[in-house]
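First comes the structure, then the notes that go with it.
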Amino acid sequence: QVQLVESGGGLVQAGGSLRLSCAASGIIFSVNAMGWYRQAPGKQRELVASISAGGSTKYADSVKGRFTISRDNAKKMGYLQMNSLKTEDTAVYYCAAFRGFVYTDGDTPAHWGQGTQVTVSS
């Protein structure tokens with residue numbers, strides 16, 4: 001059974017930082033691209049960052065230069081370092097694993113985590 005478990009969310013002031021972690025089990029992980037999505041109240045879930053199994057990264061324009069996605073295949077862990085946080089970054093953040101080695105635009109995750117709340121106060 002595949003499980004993705006996020007941690008590291010919380011309340012932070014604007015300009016602050018948080019690091020989200022995603023622990024994977026039940027999958028090989030090293031052959032799967034992974035990503036971080038977020039969903040704010042009343043908005044659609046959006047992909048903010050993805051990383052291929054080989055380490056190539058992509059970012060949404062809204063987080064480019066502020067967020068960094070990374071992974072440790074040996075530990076089956078994914079990370080999202082979030083710096084210079086803004087109030088508009090407030091959302092539930094979800095870890096996701098894709099079937100393929102690389103994320104391609106429009107791909108749908110094969111597995112989701114349960115989500116972790118990030119709240120940025122002004």
Side-chain angles (χ1 to χ4, degrees):
Q1 182 179 351
V2 177
Q3 278 194 313
L4 301 175
V5 180
E6 302 97 336
S7 60
L11 174 64
V12 64
Q13 284 191 325
S17 299
L18 280 175
R19 188 194 196 205
L20 305 183
S21 298
C22 174
S25 61
I27 58 173
I28 297 174
F29 187 74
S30 61
V31 299
N32 301 94
M34 64 161 297
W36 287 92
Y37 287 76
R38 68 185 180 188
Q39 187 167 20
K43 294 189 176 181
Q44 285 191 328
R45 192 173 296 191
E46 61 170 347
L47 178 66
V48 296
S50 66
I51 184 167
S52 73
S56 298
T57 58
K58 296 180 183 179
Y59 297 93
D61 288 343
S62 58
V63 306
K64 210 170 285 185
R66 300 188 298 121
F67 290 12
T68 302
I69 188 171
S70 61
R71 64 191 296 160
D72 184 332
N73 288 340
K75 295 182 179 179
K76 293 190 177 182
M77 293 291 296
Y79 305 99
L80 186 67
Q81 177 67 44
M82 305 185 294
N83 299 329
S84 302
L85 282 161
K86 304 175 181 180
T87 54
E88 52 263 44
D89 294 319
T90 295
V92 178
Y93 284 72
Y94 298 89
C95 172
F98 299 94
R99 288 186 178 83
F101 188 85
V102 177
Y103 169 76
T104 303
D105 287 348
D107 279 351
T108 301
H111 308 287
W112 292 95
Q114 82 287 353
T116 186
Q117 176 70 46
V118 171
T119 303
V120 184
S121 64
S122 57

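Since this is a predicted model, take the numbers as computed values, not measurements.
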Exercise. Could you tell me whether R38 sits above the aromatic face of Y94, with NZ or CZ closer than 6.0 angstrom to the six-membered ring centre and within 45 degrees of the axis?
Key: no
Exercise. Please report the closest heavy-atom contact between S122 and A14, naming both atoms and the distance.
Key: CA-CB, 4.4 Å
Quiz item: Do side-chain atoms of K58 reach the backbone of T104 as a donor and acceptor pair under 3.5 angstrom?
Solution: no
Self-check item: Heavy-atom donor-acceptor pair, R99 side chain to D107 backbone, under 3.5 Å
Solution: no
Exercise. Please report the shortest heavy-atom distance between L18 and G8, naming the atom on each side.
Key: CD2-O, 3.8 Å
Quiz item: Is it the case that one hydrophobic cluster holds both Y37 and L85, taking links as side-chain heavy atoms less than 4.5 Å apart, direct or via other members?
Solution: no
Quiz item: V118 pairs by side-chain contact (heavy atoms from CB on, under 4.5 Å) with which of L80, D89, T90, L20?
Solution: L20
Quiz item: Of the non-hydrogen atoms in I28 and K76, which two are nearest, and what is the gap between them?
Solution: O-CE, 3.5 Å
Self-check item: Test item: W112 and R45 side chains (from C-beta on) under 4.5 Å apart, heavy atoms
Solution: yes
Exercise. Report yes if the side chains of S17 and Q81 come closer than 4.5 Å at any heavy-atom pair, otherwise no.
Key: yes
Self-check item: Approximate separation, where rounding is to 0.5 Å, of H111 NE2 and S25 OG
Solution: 10.5 Å
Quiz item: Has R19 got its NZ or CZ under 6.0 Å from the middle of the six-membered ring of Y79, at an angle within 45 degrees of the ring axis?
Solution: yes
Quiz item: Would a hydrophobic clustering, with Ile, Leu, Val, Met, Phe, Trp and Tyr connected at side-chain separations under 4.5 Å, put I69 with V102?
Solution: no
Quiz item: Which pair of heavy atoms, one from L47 and one from G35, lies closest together, and at what distance?
Solution: CD1-CA, 4.3 Å
Quiz item: Is the number of heavy atoms from other residues, nucleotides or ligands within 6.0 Å of CD (E88) greater than 12?
Solution: yes
Quiz prompt | Closest heavy-atom pair and its distance - S30, A53 | solution = O-CB, 3.1 Å
Practice problem: Please answer whether the main-chain N or O of V92 pairs with a side-chain N or O of Q39 as donor and acceptor at a distance below 3.5 Å. | Solution: no
Quiz prompt | S121 side chain near T87 side chain, heavy-atom distance below 4.5 Å | solution = no
Quiz prompt | Joint cluster assignment, W36 & V2, ILVMFWY side-chain distance < 4.5 Å | solution = yes
Quiz item: Using the ring of each side chain (for Trp, its six-membered ring), is F98 parallel, tilted or perpendicular to Y103, with breaks at 30° and 60°?
Solution: tilted
Practice problem: Could you tell me whether a side-chain N or O of Q117 sits under 3.5 Å from a main-chain N or O of G9, the two making a donor and an acceptor? | Solution: no
Quiz item: Is I51 linked to I27 within one hydrophobic cluster, defined over Ile, Leu, Val, Met, Phe, Trp and Tyr using a side-chain heavy-atom separation of less than 4.5 Å?
Solution: yes
Quiz item: Side chains of M34 and N32: does their closest heavy-atom pair fall under 4.5 Å?
Solution: no
Quiz item: Side-chain contact, heavy-atom cut-off 4.5 Å: S21 with E6?
Solution: no
Quiz item: Is the NZ or CZ atom of R66 positioned over Y59's six-membered ring, under 6.0 angstrom from the centre and within 45° of the axis?
Solution: no
Quiz item: Distance from K75 atom NZ to N73 atom CG, nearest 0.5 Å?
Solution: 12.0 Å
